[in-house]
Amino acid sequence: MSTEAANWAYSEDFLPEDRVLLTARDIADELGCIPVLPGAGQALQLLTQASGTRSAVEIGTGAGVSLVYLLRGMTQGGVVTTIDVEPEHHKAARKTLAAAGFTPERARMITGRALDVLPRLTDGGYDLVLIDARKVEYPQYLEQALRLVRIGGMIAIDNSLWHGRVPDPAQRDQETTAIRTTLKHIRENESLTTVLLPSGDGLLVAIRNA
Ligand SMILES: C[S@@+](CC[C@H](N)C(=O)[O-])C[C@H]1O[C@@H](n2cnc3c(N)ncnc32)[C@H](O)[C@@H]1O
């Protein structure tokens, strides 16, 4: 194993996940939706806690792994508006939420296609937007996220490295290209302060400054 791979594996295993998250991962596996990896989840929890996040939008609920990480970092009473196209995934996420000890009001679950739902949400109404649904739609999600997040708020994008495909110019499939395009737009946007964390499958975080 290379030093880089060993460092990454050590970081991902650094903090063990509790029973709630491990069970949600098993359910996600059964449903066929892949949750954020521990390093990305822990980074999200830390970011929401450090920034005092009260309102967040999550694009791609899955079985609720990232939802629990977000809520664990958020202030008491903070709410995540979380969108997923699969009612079955929302059902699973509700169970995860309850197992984690959160009341149902902490997650406003909207079942539908993200690109239909997002335009209905309020401009500048959110402290954080997490993007983690259909990879080919990432550029459109970014467009919506830039509208939804308040000045000083954050945009987080999971799978920003997409299993090592994004950094490899030989990979030209639709999903990789869409993620690469999204990252390019962010890098070229002078009103954002950005970092691409190699945690999990790559978590890009950007703060909207204007
Ligand atoms: C990678 S999983 C989300 C994992 C979740 N964030 C977590 O860490 O537990 C992606 C989710 O996006 C949902 N999805 C796929 N296409 C969608 C779309 N067009 N609109 C909304 N949700 C979609 C899938 O049903 C799936 O649950």
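For ligands, and for the atoms within them, numbers begin at 1 and follow the listed sequence.
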Any N/O of Val36 closer than 3.5 Å to an N/O of ligand 1?
yes
Thr61 and side-chain hydrogen bond (donor to acceptor under 3.5 Å, both in side chains): which single residue from Glu86, His89, His90 fits?
His90
Looking at ligand 1, does Ala93 have a heavy atom less than 4.0 Å from it?
no
If you measure from each non-hydrogen atom of Thr61 to ligand 1, which part falls under 4.0 Å: side chain, backbone, both or neither?
backbone
Within a distance under 4.0 Å of any heavy atom of Arg113, pick out the atoms of ligand 1 and give their elements.
20 (N)
Should Glu86 be counted as touching ligand 1, given the test is an N or O pair under 3.5 Å?
no
Heavy-atom nearest neighbour in the protein, as seen from atom 26 (C) of ligand 1, with distance rounded to 0.1 Å
Asp84 OD2, 3.4 Å
Taken to the nearest 0.5 Å, the spacing of Asp132 CG from Tyr138 OH works out to 5.0 Å
Quick one: does Asp201's side chain have a donor or acceptor within less than 3.5 Å of a partner on Leu161's backbone?
no
Residue, atom name and distance, where the atom is the protein heavy atom closest to atom 16 (N) of ligand 1
Arg134 CG, 3.6 Å
Under 3.5 Å: N/O of Ile83 near N/O of ligand 1:
no
Nearest-0.5 Å distance that lies between atom CD in Glu137 and atom OG1 in Thr182:
11.0 Å
Among Leu128, Thr122, Leu130, Leu118, exactly one meets side-chain contact (heavy atoms from CB on, under 4.5 Å) together with Val57. Which residue is that?
Leu118
When you check the gap from the basic side-chain N to the acidic O, do Asp18 and Arg72 get nearer than 4.0 Å?
yes
Ligand 1 atoms in contact with Glu137 (distance to a heavy atom under 4.0 Å):
19 (N)
Hey, what do you get for CD (Glu88) to CD (Glu30), rounding to the nearest 0.5 Å?
10.5 Å
By number and element, which atoms of ligand 1 are closer than 4.0 Å to a non-hydrogen atom of Ala114?
18 (C), 20 (N), 21 (C)
Output yes when the distance from some N or O of ligand 1 to some N or O of Ile34 is under 3.5 Å, and no in every other case.
no
Is the CD atom of Glu188 crowded by more than 12 outside heavy atoms at less than 6.0 Å?
yes
Under 4.0 Å, heavy-atom basis, I'd like to know which part of Asp132 is in contact with ligand 1: side chain, backbone, both or neither.
both
Is it the case that the side chain of Gln42 and the backbone of Leu15 share a donor-acceptor pair, with hydrogens and angles ignored and the cut-off at 3.5 Å?
yes
Ligand 1 to Gly112, heavy atom cutoff 4.0 Å, flagged ligand atoms 20 (N), 21 (C)
How many angstroms lie between atom CZ of Arg106 and atom OG1 of Thr82, to the nearest 0.5 angstrom?
13.5 Å
The closest protein heavy-atom partner of atom 9 (O) of ligand 1 is Val65 N, 3.1 Å
Ser66 to ligand 1: N or O pair under 3.5 Å?
yes
Within the supplied structure, the quantity of interest is the number of heavy atoms (other residues, nucleotides, ligands) at a distance under 6.0 Å from Ile110 CD1; does it exceed 12?
yes
From the candidates Asp201, Leu115, Val85, Leu70, the one that places a heavy atom nearest atom 14 (N) of ligand 1
Val85
With nothing but distance in play, are any N or O atoms of Ala63 less than 3.5 Å from an N or O of ligand 1?
no
